[in-house]
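Written out below as C-alpha cells is the structure these notes cover.
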There are 2 protein chains.
Amino acid sequence: MNIGEVAQKSGLPAKTIRYYEGIGLIRPLRDTNGYRAFRDRDLHKLTFLARARALGFSMNDCRALLTLYEDTGRASAHVKEIAGAHLHRIDEKVAQLQSLRATLAHLVDACAGDDRPDCPILEDLGGTADQSAG
Amino acid sequence: MNIGEVAQKSGLPAKTIRYYEGIGLIRPLRDTNGYRAFRDRDLHKLTFLARARALGFSMNDCRALLTLYEDTGRASAHVKEIAGAHLHRIDEKVAQLQSLRATLAHLVDACAGDDRPDCPILEDLGGTADQSAG
DNA sequence: CCTTGACCTTCCAGCCACGGGAACCCTTAT
DNA sequence: ATAAGGGTTCCCGTGGCTGGAAGGTCAAGG
C-alpha cells in the first residue's frame, strides 16, 4: 500500500503519517522507487493512533498505548492507568471551562448589547467601572 | 514603572508583556537607558488583557476587546457579540469534551485493570478484538 | 517518444502564545 | 571594584501538525 491508500483507510492525512514515521511511531518499508510500502500492521497502528488521538490522548500517551497495544503480554492495569489519568485531565478541563462559562455567561447576560457604550463585560475586564481606559 | 513592577501588578510574566508589545497590543515609552517606561494606561491595558486571557479569549478577541475598551464611543452590542461567540465556542468545547469523556469513562470502566493482557480499551482503539496487533 | 496529471519524495517555514536561556547593559549598595 | 538584581535583545523550542516549494515516479493517451 502507498501512503495515499493508507491515508484514506486510516483517515489520517498523508502529512500526518509521514510525521508519525518521523517521530518513530511507525516504520513502513520502502519500495525500490523510494515510496513508502505500508503493511497491514502499519495500517492497524495508524488506525489505532487515529482513534487514540480522536479520544484526545497526547502523542506521549499514544506512544505508550501503541507499545502496550503491540505487547501481547501487557497488563491491562497499565492501559487503564493511562486512560484514567487522561480521563482525570478531561474532567479538570471540563470543570475549568464550565467555571469560565459561568462567569462569561453572567457577563454576557448583563450586557445590554445595544448601541450604547455602557458594558458590564468591559467594566469587569478593566477592573473597576471608573478607570474606563485612557 | 519598569517591567518588573508592571508584571507584578498585572500578574503577567515580563516575557508575556514584552511579547504583547511585540505584537502591538501595548506601546510603552522608553527611558533614556532603554528600559520600558509603563504608564498607568499601559498597566490598565495589561490587567485587562490578563483577565480577558483568563476568561479564555483568543488573542484576536483580546485585541478587538482592547480596542473597544479604549473606544469610549463603542456600542456594547459589539462587545456582546464577541463574548457571545466565545461563549458559544466554550459550549461546543465542553460538549465535545463531555462526549469524549463518556466514551473514555465507559472504556475505563470496562477494563479490569489487573495484570492480565485483556483490555477493552486497546480493543476499542485497535478496531476489533481479533487484530490484536502483529 | 512526449506530455499530462496524479501520485510520491524531501525539506523548510509557519502556526499560537508564549517560556528558557544566552549574552549583554544599567543601577545601586558596599 | 564588585556583586546582586534589575533590565535589554535575540534565538530556539514547545505540540502536533499543515502548507508549500522543488523535484522524482508512474500510468494513460496521442
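In what follows, chains carry the letters A, B, and so on, assigned in the order in which the sequence lines appear, proteins first and then strands, with residues in each chain numbered from 1. Worth saying up front: this structure is predicted, and the values here are computed from it rather than measured.
Under the 3.5 Å distance criterion, the side-chain polar atoms of H86(B) are matched with a main-chain donor or acceptor of L55(B). Between the S10(A) side chain and the V6(A) main chain, a donor and an acceptor come within less than 3.5 Å of each other.
Following rounding to the nearest Å, R53(B) (CZ) and dC18(C) (C1') show an atom-to-atom distance of 9 Å. The CD1 atom of I17(B) sits 17 Å away from the P atom of dA17(C) (whole-angstrom rounding). Whole-Å rounding puts the Y20(A) OH to dC17(D) P distance at 4 Å. Between the CD atom of E5(B) and the C1' atom of dG5(D) there is a distance of 15 Å, rounded to whole Å. The CD atom of E21(A) sits 8 Å away from the P atom of dT9(C) (whole-angstrom rounding). The nearest whole Å value for the distance from the CG atom in D31(A) to the P atom in dC26(D) is 9 Å.
Below the 3.5 angstrom threshold, one finds a donor paired with an acceptor across the side chain of K15(B) and the base of dG21(C). Checked by distance alone, Y35(B) brings a side-chain donor or acceptor within 3.5 Å of a matching partner on the base of dG6(D).
Listed nucleotides: dT9(C), dG16(D), dC18(C). Nearest to the side chain of R18(A): dT9(C). Picking from dG19(C), dT8(D), dC17(D) the nucleotide with the shortest atom distance to the side chain of P13(B) gives dG19(C). Closest to the N33(A) side chain, of the nucleotides dC26(D), dC17(D), dA17(C), is dC26(D).
When the side-chain nitrogen and oxygen atoms of T16(B) are compared with OP1 and OP2 of dA17(C), none of them lie within a distance under 4.0 Å. Between dG15(D) and Y19(A), no contact under 4.0 Å exists linking OP1 or OP2 to a side-chain N or O. Here R30(A) reaches the OP1 or OP2 of dT10(C): one of its side-chain N or O atoms lies under 4.0 Å away. Taking side-chain N and O atoms only, R36(A) has no distance below 4.0 Å to OP1 or OP2 of dC8(C).
In this structure, R101(B) pairs ionically with D91(A), as a charged nitrogen and a carboxylate oxygen lie closer than 4.0 Å.
Side chains of D118(B) and S76(A): a donor-acceptor N/O pair is absent below 3.5 angstrom, by distance only.
In R89(B), the CZ atom is crowded: over 12 heavy atoms of neighbouring residues, nucleotides or ligands sit closer than 6.0 Å.
In terms of position on DNA chain C, the residue among M59(B) and T32(B) whose nearest nucleotide sits closer to the 5' end is M59(B).
Here I3(B) lies in heavy-atom contact (under 4.0 Å) with sugar-phosphate atoms only.
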